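Reading through the structure tokens given below for one structure.
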Number of protein chains: 2
Amino acid sequence: MSEPTASTKERILEAAGDIFGREGFKAATIRRIAEAAHVNIAAINYHFRDKEGLYAAVLEHVFHLGFTRFPSRGGIETGMTPEQQLHVFIRGMFYRLLSSEGWFGYSGKGRLIARELLAPTPAFENILDRYIRPHKEFLTEILIAIIGRDPGPQILLPLAVSIIGQCIYYAFAAPVIKRITGDESPMEARLDQLATFVWQFSLGGIARITDDQAADRLQPQPPTTPSPTIKP
Amino acid sequence: MSEPTASTKERILEAAGDIFGREGFKAATIRRIAEAAHVNIAAINYHFRDKEGLYAAVLEHVFHLGFTRFPSRGGIETGMTPEQQLHVFIRGMFYRLLSSEGWFGYSGKGRLIARELLAPTPAFENILDRYIRPHKEFLTEILIAIIGRDPGPQILLPLAVSIIGQCIYYAFAAPVIKRITGDESPMEARLDQLATFVWQFSLGGIARITDDQAADRLQPQPPTTPSPTIKP
DNA sequence: GCGGCATTGAAACAAATGTTTTATTCTTTT
DNA sequence: AAAAGAATAAAACATTTGTTTCAATGCCGC
């Protein structure tokens, strides 16, 4: 519930973030958003021009909120080892994505993010440059510090994708994960635990990808391991 | 292009899979699907009752295709070590998700899958039980064989999620990954390379999560690593 | 060849929806 | 206090869209 003191504009943004996320841009209707925000339909067009204008504003609102409450570099101090920095970075991702203070995972806002990753709208260009690219750059810095040298983008980029992929998958496939694993405990209560797990898993992965024998292991494999069967 | 010999029903399923995936259930229109399939609008309602019926049929069609061409256990033989089995399993996921013989990643079919993970429709229940759950069970078997003992679901489930999450993230966030990393090379040409990378990364992760000191590392951390900053 | 059934084509319908218009109320400034 | 502009409310409009209807066409067994 949004407190009744919030301004019309804010109430619209909150309601729209939730509904756009749950239903998607096309399926969400101005009327439902207006109803949820306790606002007249025309107020939306008045404040945000049209549906697309509202959507762009919502996207900015949601990302601003997420990265203000949980900044990329939040909680990371200079005295920490690079490994500890990675821990805090990953935990920050989980809190930003899944906590109720952030995008709240499977709720509307969380799915709004996932929808943009899946099918970026024009309004997402801005967000990418302002929030996501710096976030990835920071992760790259941490990774170089952990490895102790710069292994080049051929290694750094997939490493970053593997680490971020684990976090995001938890957030965006939450309903299926819950359904498959049968785990009914609310994910928000396990954020620290999940973050520690992904952290340790990733440290192991980084080590194996960058140790002395890694170059051999990453070579194309001999025919011992055939391609997956294709039945045409 | 669907060859003109394909039956009406097949052409509708192909076109609908693509358009539903690109646009989502609500935004996709029967008229556009009919046009793309070179079919009259009424033919769709005739063959599939209504839009929901068509969607359910498309979902079944797409999953059947993916798991027929690239079965869960495809390419895995008894003589292989568990580690090699994991390699083939991961490569199978990449081919199923990203190759043009499978769901073709960012194309329509690939996004259809991702949309279901994100916001499952009622039609997805079936698919979960028939395709996804056995797939996950098989991965669990491989993991137990690699570890050499059964560490219990507390470890196995997050391990499975971390491994599958990496694969799926590559598929479903492809546009953003490409945009962020600036990598313009077509992903289909690098499937083996990506699979090998994720495989090695995961082997490292599994090792670190299940070695002798792992239990200590997974404990809640001392206040050396503070929570991410919250600015209310 | 013909009757019966399945399939396709074209038009019509009703509901939903983004947007605009016009009137009214609230707020601020002078 | 009056006036002007901002904000909200209610209704109307034009378009889109899922579905239905009904006639036309193709297909198959006798």
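On a predicted model such as this, the values are computed, not experimentally measured, just so you know. Naming convention: chains lettered A, B, ... in sequence-line order (proteins, then strands); numbering from 1 in each chain.
- Put simply, CD on A:E35 is 14 Å from C1' on C:dA16, counting in whole angstrom units.
- Nucleic acid contact for A:K9: none, since no nucleic acid atom lies under 4.0 Å from a heavy atom of the residue.
- Both tests hold for B:R96 against B:F67: distance to the six-membered ring centre under 6.0 Å, angle to the ring axis within 45°.
- A:D129 is linked by a side chain to side chain donor-acceptor pair (under 3.5 Å) to A:R133, counting only residues two or more places apart in sequence or in another chain.
- Looking at residues two or more places apart in sequence or on another chain, you find no side chain to side chain donor-acceptor pair (under 3.5 Å) involving B:H47.
- The stretch residues 50-61 of chain A has no heavy atom under 4.0 angstrom from DNA chain D at all.
- Each ring-ring contact (aromatic ring centres under 6.0 Å, His included) pair with one or both residues in residues 14-34 of chain B, not counting sequence neighbours, appears once here: B:F20-B:F25, B:F20-B:Y55, B:F25-B:Y55.
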Scan nucleotides 7-11 of chain C against the protein and return all N/O pairs shorter than 3.5 Å with their distances rounded to 0.1 Å.
residue, atom, partner, partner atom, Å
C:dT7, OP2, B:Y46, OH, 2.5
C:dT7, O5', B:Y46, OH, 3.4
C:dT8, OP1, B:T8, OG1, 2.4
C:dT8, OP2, B:H47, NE2, 2.7
C:dG9, OP2, B:N40, N, 3.4

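- Listed by chain and residue number, nothing satisfies the side chain to side chain donor-acceptor pair (under 3.5 Å) test with B:T78 (two or more places apart in sequence, or in another chain).
- For B:S100, the side chain to side chain donor-acceptor pair (under 3.5 Å) partners at least two apart in sequence or on another chain are B:E188.
- Counting non-hydrogen atoms under 4.0 angstrom, A:A28 reaches the backbone sugars and phosphates but no base.
- Residues forming a ring-ring contact (aromatic ring centres under 6.0 Å, His included) with B:Y46 (at least two apart in sequence, or on another chain): none.
- With sequence neighbours excluded, the residues satisfying side chain to side chain contact (heavy atoms under 4.5 Å, CB included) with A:V161 are B:Y169, B:Y170, B:I177.
- The list of salt bridge (charged side-chain N to carboxylate O under 4.0 Å, His left out) pairs with a residue in residues 23-32 of chain B, not counting sequence neighbours, reads B:E23-B:R32.
- Where DNA chain D meets chain A (any atom under 4.0 Å from a heavy atom), the bounding nucleotides read 5' to 3' are D:dA6 to D:dT17.
- Applying the side chain to side chain contact (heavy atoms under 4.5 Å, CB included) test to A:P134 and every residue at least two apart in sequence or in another chain returns nothing.
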